[in-house]
S.K.: 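Pasting a structure below so you can have a look.
Below, each value reflects all heavy atoms present in this structure, side chains not excepted, and no hydrogens, waters or symmetry copies.
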Amino acid sequence: MRSANNSVEPSSFPDDAGADYFIREYRTAVNPTRRELLESKPPLLILSTPSDAAESHTHRVLEALRWALGPEHKRVPHTVLYAEDETPLLSVQAGAGLGFDIPRRSAPDRLPNFWLMADVIAQIQEGHPGAGGFGARKLRDHVYRQRAERGGLPGLLWHMGGTDTAPIGGVRGFFVGLVWHSLTRTLPRWIWTLRQNRRLVRSKRSGWLGKHLNATAGAAPVFELLDQVGARQSPRLSLEPDHPRHKEGLAALELLLLRALLEDLRRPAVGRLLPKRRRRVARPVLLVEIPPEGAPGADAAERLLRAFHTLQAGLDGPGPLVIAVGRPSGSLQADLGVERTNLRRASSLLHSSNPRPVVVPLEEEPFERPGLQIPPVQPRKFMMGWRAVTAVELAALAAVLVGGATAPSLWDMPPDTRCVGGDGPVAADGQNKRVEVRPTEWHQDVLSRIKKQNGQAEKYAKDRAVRTVVLFESDPPTNAVDTIFDGSIPELRGVALWQQQLIEDAASDSNRVPLRVDVRPVGAGFRDAVPAARDLIEEVKREDSKEEYEKIVGVLGFAQSTNETRDAVALLGGSGMPMVGTTATADEMQRSENYWPFTPDNSEEARVEAAFAARSHIVVKAGRTEPKAPMECAPARNTVIVRTPDDLYSVSLADRFRQSFQGDKTVINFRQGSQPFATPPGTQKSTTADQLVGQVCQALQNEPDTAIFWTARARDFTAFVRAMDANGTCREPGLTVVGGNELTNVALTGQFADKPWLRLYHSAHRLPEGDGRASQKTEQFVRLYNGNYPRDPWRQDGHSAVSYDAFHVLSRAVDEARSGIGVRRESVVTALKNGITFDGATGFIEFSEFSSGPPVNKTLVILRQSDGEPVAVVACGAYSAKAAKEKNQGAPCVH
């Protein structure tokens, strides 16, 4: 087996377009500045060398990437996997490589799952006997012996046992055979087997092997299950290597072994109290060579990549960074469903939890000239090992306990079980009546205001640059019912307020570029976003015939994450159009390097909400000790996740919450109507609100400490609440619901008034009015908005503040792109990529340089709808300039 070149002479990365961005983001993805960034799952990245390129091109790229991770010794856990015939399972090479030359005093320092599965698979490949108790016992004995050979307490006890066979006859033989071997070998092996069975199969949280093999609750012990795997795969492995069944057997073993390795790499968790867990300061890296199709080792490399892609989506927790270099076959790219992009776009994806693999074709020409050296990463070093730190902390804890023994009152204090956000119902006092909504009047008023301000902006066109931005919006609501489920009115009002500010500033600041706003409805739910994008692209091609102030310099909007808005972003991005999003949060929306989402993506929101649900007292306990005693609540041990199939926002947020929440999860696919839809394995289906209520009540009956995580749309939620209020038998002592920003609009209009059984928590993008943590800019915006729209039911909603700040971002970029009376869209893109920073209505805004992701540490708030006004129970991110400088805001904001 070939080994990586550990020469101290660096290899250079080819200076392809975007290589400098890729180098910087590669180093950051491996060694991020903030530890919580290690929780993301970067996509599988394939760097494709030219089809007729020499093998040295692949090795040059691999060596350049490897050199940055440790010239003389490893600075982060990594290995280079060279695909060769003698290593059919590259996962074996991956685990062995990661376990060799571990960075000093770092973690993880053991791979227990990997080595156990590696020993099992080695037996299977050698022709392990078929199923049955005798086979399972032999497999167990072999694996335990291999474990003992690796040292530790099992190894110490094993070697204390002496020879494998006891002396025959006599007292000594009786003692050694019956007593000594029992104490040093038989009993430890039995205890070890019980532990493996509980850890790998029986445990609901960590029993990954049982889940992988689809074992039921009453499944056979672990080594019987593994013996059954051997019985299935051994006959296939005995066939010729080119036989499809032989390849199928290898793929099954690769999947099992790689799953074990990934389980090891996702622990220890980032942060928390234990010293060993704090040792994860860099991301493990696997660098994979892909030989040309048909060349030796090509099947092995592509088999590993297929297995990693299969496992990555369902992995609970952060995974390694996997970068493959070489010539992927067409069948591999088709099986993975890759996204083809360039180095610059791939750079930004390295920090996202994008499940779609990415292929970057490398050009031939850069290999013919000197390249760029990737500087070595500089992860944090530790002065002491984790065991020494643990000993110091235990000694300090012992001193505290001894000192605390003299103050018994400290131990008599009862635990705090008060409900987060108070005891009040979801709406009372100030919101016990529904707010009057006048959709047509309000919508027309804000359009008239924007039209008037467009005319004011055009007056500046005589002596300075004036340009137009396009705002894509869903069709205006036509009745009160539709209006409460739609955020277009507050979003339009936020846009109008910033346009007013911009025009007023232009009167005294000649560097300001007044902007017209072209509001374009694109159908209900953005269903016509793709045709509208195509029309805009064609319109821009003919813009020479337009007035200068009519020329379009950017697009604003995309308030919802749908398949249509995602595809529209990809189309406009391909045409070079700069875009700034508003409240669309799905990670999948980031389909172009010319699109800047403004709100935290679903990966970040789901992580915060999952930690909030699992750690905060939000689920009401049954009964009170006294009539007027405060309610008692507990963290959610289980969740029922309600999602809508085929809805990009809903599926994206639900899947990411499922991956983040540490507890039992039930997924229900809910869509009203008779239209059939597919149900993924392991999930439930519901087509009526009454049916959904029955399923939720059944889950609550089974596990009282259950919260509902709602990602379906607000209209469906209202139907569910009404059905629960009318028919629900599980409203006592209360129903806890955690949801996204989708629920904000309807909650603030009083639709859930007089529902004392409902405890509703949902996300938002600015702190509410009156919160002491809000910045001066947030308070200033609240006063401005309330002064303009005093009767607005959504004055506490974040939609208006988000659109206000998003328009601010785009206008700042246009200001910086102005050259005389000209403004080029390419210059607007460049200005956005150079980074935009300001203190805004939603908090401190900071877009990273050369990144097209959301703002760094963007504000994310969890509100509880209570009596009168919503209460912010969680505030994460840069909700003020001071908060922007804080690296650790505590749980659930960071791990």
Side-chain angles (χ1 to χ4, degrees), residues 414-434 609 612-642 657 661 663-668 670 684 686 688-712 714 716-739 743 746-747 750-762 862-868 870-871 873:
D416 186 359
T417 58
R418 291 175 295 179
C419 302
V420 173
D423 295 350
V426 71
D429 298 339
Q431 274 191 342
N432 58 7
K433 294 182 180 180
R434 296 187 185 181
E609 290 172 333
F612 169 72
R615 300 176 184 179
S616 304
H617 291 78
I618 62 174
V619 180
V620 181
K621 294 182 178 179
R624 300 195 190 191
T625 56
E626 299 179 10
K628 295 184 179 181
M631 288 183 178
E632 292 187 358
C633 287
R637 297 175 55 193
N638 315 276
T639 58
V640 175
I641 303 172
V642 181
F657 182 87
F661 182 76
D664 290 342
K665 293 150 279 196
T666 300
V667 179
I668 301 177
F670 176 48
Q684 300 179 22
S686 183
T688 68
D690 290 335
Q691 182 184 3
L692 178 61
V693 167
Q695 292 169 307
V696 168
C697 286
Q698 182 63 47
L700 289 171
Q701 182 179 354
N702 295 337
E703 291 290 349
D705 292 342
T706 296
I708 314 302
F709 185 71
W710 190 275
T711 70
D716 293 325
F717 183 66
T718 301
F720 167 73
V721 171
R722 289 179 175 277
M724 178 67 77
D725 197 52
N727 307 319
T729 59
C730 58
R731 294 176 302 170
E732 297 292 340
L735 181 69
T736 299
V737 178
V738 181
L743 300 182
V746 64
Q751 286 295 304
F752 307 137
D754 302 323
K755 304 292 186 295
W757 50 267
L758 176 61
R759 294 187 63 82
L760 175 59
Y761 302 89
H762 59 85
I862 296 180
L863 302 178
R864 181 180 178 244
Q865 288 303 123
S866 60
D867 51 342
V871 177
V873 295

S.K.: Which heavy atom of Phe661 sits nearest a heavy atom of Ala614, and at what distance?
M.R.: CE1-CB, 3.8 Å
S.K.: Under the side-chain hydrogen bond (donor to acceptor under 3.5 Å, both in side chains) rule, collect the residues that match up with Thr711, sequence neighbours excluded.
M.R.: Ser650
S.K.: If you take all heavy atoms of Val873 and Gly421, which pair is closest and at what distance?
M.R.: CG1-CA, 3.7 Å
S.K.: For the atom pair CD1 (Ile708) and CG (Leu758), what is the distance rounded to the nearest 0.5 Å?
M.R.: 10.5 Å
S.K.: Only counting residues at least two apart or in another chain, list the ones meeting salt bridge (Lys or Arg N to Asp or Glu O under 4.0 Å) with Asp725.
M.R.: Arg731
S.K.: Any idea which heavy atoms bring Glu632 and Cys419 closest together, and the distance?
M.R.: C-SG, 3.8 Å
S.K.: Angle between ring planes, Trp710 versus Phe670, binned at 30° and 60°: parallel, tilted or perpendicular?
M.R.: perpendicular
S.K.: Do the non-hydrogen side-chain atoms of Asn638 and Thr666 ever get within less than 4.5 Å of each other?
M.R.: no
S.K.: Kindly write out the residues that satisfy side-chain contact (heavy atoms from CB on, under 4.5 Å) with Thr736, not counting sequence neighbours, or none if the list is empty.
M.R.: Ile618, Val619, Ala707, Arg759, Tyr761
S.K.: What is the minimum heavy-atom distance between Ala689 and Ala719, and which atoms define it?
M.R.: CB-O, 3.6 Å
S.K.: Counting N and O atoms only, with roles assigned by atom type, does the side chain of Arg864 sit under 3.5 Å from a partner on the main chain of Gly422, one being a donor and the other an acceptor?
M.R.: yes
S.K.: State which residues pass side-chain contact (heavy atoms from CB on, under 4.5 Å) with Cys697; sequence neighbours excluded, sorted by chain then number.
M.R.: Val693, Met724, Thr729, Cys730
S.K.: Look up atom CG in Asp705 and atom CG in Leu700, then write down how far apart they are to the nearest 0.5 Å.
M.R.: 10.0 Å
S.K.: Quick one: side-chain contact (heavy atoms from CB on, under 4.5 Å) partners of Asn702, sequence neighbours excluded?
M.R.: Gln698
S.K.: If we only count heavy atoms from C-beta on, is the Leu735 to Val721 side-chain gap below 4.5 Å?
M.R.: no
S.K.: Between Val738 and Phe657, is the side-chain contact (heavy atoms from CB on, under 4.5 Å) condition met? List the steps.
M.R.: CA-CA 11 Å; Val738 181; Phe657 182 87; 5.6 Å; no
S.K.: Return the set of residues passing side-chain hydrogen bond (donor to acceptor under 3.5 Å, both in side chains) with Gln695 (not counting sequence neighbours), or none when no residue passes.
M.R.: Gln684, Ser686
S.K.: Which heavy atom of Cys633 sits nearest to which heavy atom of Lys621, and what is that distance?
M.R.: O-CE, 3.9 Å
S.K.: So Phe720 and Phe717, would you call those rings parallel, tilted or perpendicular, with 30° and 60° as cut-offs?
M.R.: tilted
